[in-house]
Amino acid sequence: MTSSKFPDPPPPTPYEPLPSYPPQPPHQPPQYIILLPHYYRTPRQFLRRPSRRYLIPAAALLLIAAALFFLWPSDPELSIARLHLRRLKIHSFPKISFDITLDVTAKIRNKDFYSVNFRSVVVSVGYRGKQLGYVVSDYGRIKARASSYVNATLELKDVSIFSDMIPLIEDLARGSITFDTVTEIGGELGLGLFDIPIKGKVSCEIVVDTRNETDFSSELLP
């Protein structure tokens with residue numbers, strides 16, 4: 001009987017795992033992320049001490065500015081309520097001259113919260129920028145936020161203009177003469193311990209028909 005013998009198998013090779021890719025970092029401690037909700041401020045929180053620090057001075061400045069705007073003194077408003085040419089007489093002999101009688105009613109409106117003491121109201125009449133004469137009214141007083149009317153009558157007799165004689169003759173030939181009137185007021189605001197001077201002025205142009213000496217038209221000048 002024939003016997004056979006097989007050779008012994010080789011010993012097993014130890015298994016070594018392949019390195020992973022990419023290589024793993026060294027061990028690190030765990031990291032945590034905390035999520036917080038969005039925080040909204042209420043209107044009351046806006047008015048806390050940091051905001052009030054600026055809000056209160058700003059409101060005080062606005063109140064002071066408003067008080068100065070309403071209490072700051074200003075000149076009274078002066079306007080012509082009535083203008084009446086009572087008489088205009090033109091003389092041609094022995095020289096060219098004329099007589100004028102003019103009634104003026106001025107309205108004075110006090111816009112301030114103080115009384116107004118006016119020393120006088122002056123009404124003057126001129127021709128081509130030259131004053132012919134004027135009249136001065138009496139002293140008066142206007143209460144705060146009130147109006148008053150002042151009457152003045154200007155009467156001129158035998159007025160002649162030598163420097164403007166040629167333009168005057170041309171106006172007479174054309175049939176109309178233009179006069180300018182100026183009404184002025186001067187006075188003070190009554191503030192108790194001291195007075196503040198004030199003034200007002202209004203100008204008006206009068207066009208007179210020389211054919212009918214009582215027929216005229218007037219227009220306020222700027």
Side-chain angles (χ1 to χ4, degrees), residues 72-112 116-142 146-189 195-222:
W72 190 263
S74 59
D75 292 332
E77 289 184 356
L78 183 62
S79 60
I80 302 298
R82 180 176 174 270
L83 184 63
H84 176 63
L85 182 63
R86 189 191 305 176
R87 181 172 180 266
L88 174 62
K89 181 64 176 179
I90 301 175
H91 306 282
S92 58
F93 183 82
K95 60 182 179 179
I96 298 179
S97 61
F98 44 84
D99 303 336
I100 299 177
T101 303
L102 182 67
D103 296 330
V104 178
T105 301
K107 179 182 178 181
I108 308 171
R109 178 173 176 264
N110 182 16
K111 302 178 296 182
D112 296 322
V116 171
N117 301 321
F118 61 91
R119 296 185 303 270
S120 61
V121 176
V122 181
V123 180
S124 60
V125 174
Y127 176 74
R128 293 185 177 270
K130 296 182 179 180
Q131 189 183 83
L132 303 179
Y134 65 92
V135 63
V136 181
S137 69
D138 296 332
Y139 171 87
R141 180 183 178 88
I142 307 175
S147 300
S148 179
Y149 293 88
V150 179
N151 298 317
T153 300
L154 175 64
E155 186 173 358
L156 304 177
K157 293 183 178 181
D158 198 21
V159 178
S160 59
I161 307 173
F162 294 101
S163 59
D164 294 324
M165 186 63 65
I166 294 178
L168 179 59
I169 295 175
E170 293 176 353
D171 290 343
L172 292 175
R174 189 170 53 247
S176 64
I177 302 178
T178 301
F179 297 99
D180 47 276
T181 66
V182 179
T183 305
E184 298 178 277
I185 179 177
E188 297 85 18
L189 279 175
D195 295 330
I196 298 178
I198 58 171
K199 61 181 180 179
K201 180 178 179 180
V202 62
S203 301
C204 185
E205 188 177 78
I206 304 174
V207 180
V208 182
D209 187 355
T210 57
R211 299 178 181 87
N212 184 3
E213 297 173 354
T214 59
D215 187 10
F216 71 97
S217 61
S218 60
E219 180 181 359
L220 290 178
L221 299 178

From OG (Ser147) to CD1 (Ile142), nearest 0.5 Å: 7.5 Å
Arg82 side, atom CZ; Asn151 side, atom CG - distance, nearest 0.5 Å: 8.0 Å
Heavy-atom closest contact (Ser124 atom, Leu154 atom, distance): C-CD2, 4.3 Å
Lys111 NZ to Asp75 CG distance, which is reported to the nearest 0.5 Å: 8.0 Å
Nearest heavy atoms of Thr178 and Glu205, plus distance in Å: CG2-CG, 3.3 Å
Beyond-backbone contact of Phe179 with Leu102, side-chain heavy atoms, under 4.5 angstrom: no
Rounded distance [0.5 Å steps], CG in Leu172 versus CD1 in Ile90: 5.0 Å
NZ/NE/NH1/NH2 to OD/OE distance under 4.0 Å, Lys107 and Glu77: no
Side-chain donor/acceptor of Asp112 to backbone N/O of Ser74, under 3.5 Å: yes
Of Thr181, Val123, Val104, the residue whose pairing with Cys204 passes side chain to side chain contact (heavy atoms under 4.5 Å, CB included): Thr181
Where Arg128 and Asp180 come nearest, the two heavy atoms and their spacing: N-OD1, 3.9 Å
Val116 and Arg109, any side-chain heavy atoms less than 4.5 Å apart: no
Full working for side-chain contact (heavy atoms from CB on, under 4.5 Å) between Ile198 and Phe118: CA-CA 8 Å; Ile198 58 171; Phe118 61 91; over 6 Å; no
Verdict with supporting geometry, Tyr127 and Asp171, side-chain contact (heavy atoms from CB on, under 4.5 Å): CA-CA 11 Å; Tyr127 176 74; Asp171 290 343; 2.5 Å; yes
Closest heavy-atom pair and its distance - Lys199, Pro76: O-CD, 4.2 Å
For the student: nearest non-hydrogen atoms of Thr183 and Leu78, plus distance: O-CD2, 3.2 Å
Considering all heavy atoms, the nearest Val135-Thr153 contact: CG2-O, 3.4 Å
Under 3.5 Å: donor-acceptor pair, side chain of Ser137, backbone of Val121: yes
Worked check of side-chain contact (heavy atoms from CB on, under 4.5 Å) between Val125 and Val159: CA-CA 11 Å; Val125 174; Val159 178; over 6 Å; no
Euclidean distance, Arg119 CZ relative to Tyr139 OH, rounded to 0.5 Å: 10.5 Å
Derivation of the side-chain contact (heavy atoms from CB on, under 4.5 Å) call for Val208 and Leu85: CA-CA 9 Å; Val208 182; Leu85 182 63; 3.6 Å; yes
Gap separating the CZ atom of Arg174 from the CD1 atom of Ile169, nearest 0.5 angstrom: 12.5 Å
